[in-house]
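Shown next, in structure tokens, is the structure this report addresses.
This is a predicted model, so every value here is computed, not measured.
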Amino acid sequence: MSDSPPPRLPLDWIAASLRRERTRAGISLSELAKRAGIAKSTLSQLEAASGNPSVETLWALGVALGVPFSALVEPPAPSVQVIRAGQGPTVASEKAEFAATLLSASPPGARRDIYHLRAEPGAVRESEPHIPGTVEHLIVGAGRVKAGPVGEEAELEPGDYMTYRGDVAHSYEALTPGTTFVLVMQHM
């Protein structure tokens, strides 16, 4: 793994996406903050393209808005896109050594997102339920990870595949240094 931190998402993408999705949902700043369980001031800062959003905050906002995580962080897409290893839009967790890089958001008419994740042993990355109907598909590239719905976690090694409901509480835990995996989120 590189010693440099992963690139951060441009805050203007997040700000524009939050305003777009909140307007589309027809809810106020106060109501969205309440539904997501975050401070109104935090949401106001994010919509003003300031602050430092965590994975947890963006997931909570996505669930409250009824949209996939990617709808809040996806950049405008060119006709051909190449994302070099370590250079994609990445959001880090505040509770675990865990970072998610969005590789592909759902195009119009499709409902799936693809992420490349890297994690280090230590804290477990606990994930709240995503929008109803979400199914996760996980393929380990390197290291070992323990993942799945709470109480049904399984240990996986390179090349192993797992699928499970993502609309229930679930977690990811790196068991060895340098753990990487691909996560496909399918939204039904």
Side-chain angles (χ1 to χ4, degrees), residues 1-77 83 86-106 108 111-120 122-134 136 147 149-150 165-174 183 185 187:
M1 292 185 62
S2 169
D3 289 336
S4 62
R8 299 294 297 179
L9 289 169
L11 293 176
D12 55 332
W13 294 349
I14 294 170
S17 297
L18 281 170
R19 286 189 302 270
R20 177 190 70 230
E21 296 301 331
R22 187 172 61 78
T23 300
R24 190 175 293 162
I27 57 176
S28 69
L29 195 80
S30 296
E31 180 61 22
L32 177 56
K34 180 180 171 185
R35 289 182 188 181
I38 65 171
K40 181 180 174 184
S41 60
T42 299
L43 180 56
S44 180
Q45 287 177 341
L46 291 177
E47 285 199 5
S50 62
N52 190 16
S54 67
V55 169
E56 293 82 5
T57 298
L58 293 174
W59 279 118
L61 287 165
V63 169
L65 288 165
V67 299
F69 173 83
S70 62
L72 302 180
V73 299
E74 67 182 326
I83 299 175
Q87 294 183 353
T90 302
V91 180
S93 171
E94 61 188 23
K95 297 181 180 177
E97 183 64 32
F98 181 93
T101 301
L102 178 65
L103 299 178
S104 175
S106 291
R111 296 182 51 91
R112 63 96 188 111
D113 304 319
I114 303 172
Y115 298 91
H116 180 262
L117 298 129
R118 62 177 179 75
E120 295 297 327
V124 175
R125 166 65 177 103
E126 296 173 351
S127 181
E128 295 296 318
H130 305 307
I131 60 177
T134 300
E136 294 192 0
V150 173
R165 290 181 53 194
D167 58 1
V168 297
H170 53 284
S171 66
Y172 317 92
E173 178 183 7
L183 180 70
M185 293 187 72
H187 309 287

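Note that CD1 of I38 is 10.5 Å distant from OG of S44, once rounded to the nearest 0.5 Å.
Pairing each heavy atom of A33 with each of L43, the nearest pair is N-CD2, 3.7 Å. Minimum heavy-atom separation, L72 to G62: CD1-N, 3.6 Å. Nearest heavy atoms, A169 versus P129: N-CG, 3.6 Å. The two residues P68 and D113 have their closest heavy-atom pair at CB-OD2, 3.4 Å.
None of R19, R22, R20 except one satisfies the salt bridge (charged side-chain N to carboxylate O under 4.0 Å, His left out) rule with E47; the exception is R22.
Side-chain contact between E56 and E94 is present, with at least one heavy-atom pair separated by less than 4.5 Å. Between R24 and L65 the shortest side-chain heavy-atom distance does not fall below 4.5 Å. Side-chain contact between V168 and V150 is absent, with no heavy-atom pair separated by less than 4.5 Å. Looking only at side-chain heavy atoms (C-beta outward), L183 and Y172 come within less than 4.5 Å of each other. Annotation: side chain of L46 is in contact with side chain of L61 (closest heavy-atom distance under 4.5 Å). Looking only at side-chain heavy atoms (C-beta outward), R35 and I27 come within less than 4.5 Å of each other. Counting heavy atoms from C-beta on, the side chains of D167 and I131 never come closer than 4.5 Å.
A salt bridge does not link E136 to R165: none of the charged nitrogens lies less than 4.0 Å from a carboxylate oxygen.
A side-chain donor-acceptor contact under 3.5 Å links T57 and S54. Residues H170 and H130 bring a donor and an acceptor atom of their side chains to less than 3.5 Å of each other.
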Requested in this report: Apply side-chain contact (heavy atoms from CB on, under 4.5 Å) to K40 and L32, showing your working.
Outcome: CA-CA 8 Å; K40 181 180 174 184; L32 177 56; over 6 Å; no
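The 12-atom threshold is not exceeded at CD of E128, counting heavy atoms of other residues, nucleotides or ligands nearer than 6.0 Å. Around the CD atom of E126, the shell of radius 6.0 Å holds no more than 12 heavy atoms that belong to other residues, nucleotides or ligands.
Under a 3.5 Å cut-off, the side chain of S93 and the backbone N or O of A99 do not form any donor-acceptor pair. Looking at S17, its side chain does come within 3.5 Å of a backbone N or O of W13 through a donor-acceptor pair.
Under the rule for a ring pair (Phe, Tyr, Trp, His ring centres under 6.0 Å), the partners of Y115 that lie at least two apart in sequence or sit in another chain are F69.
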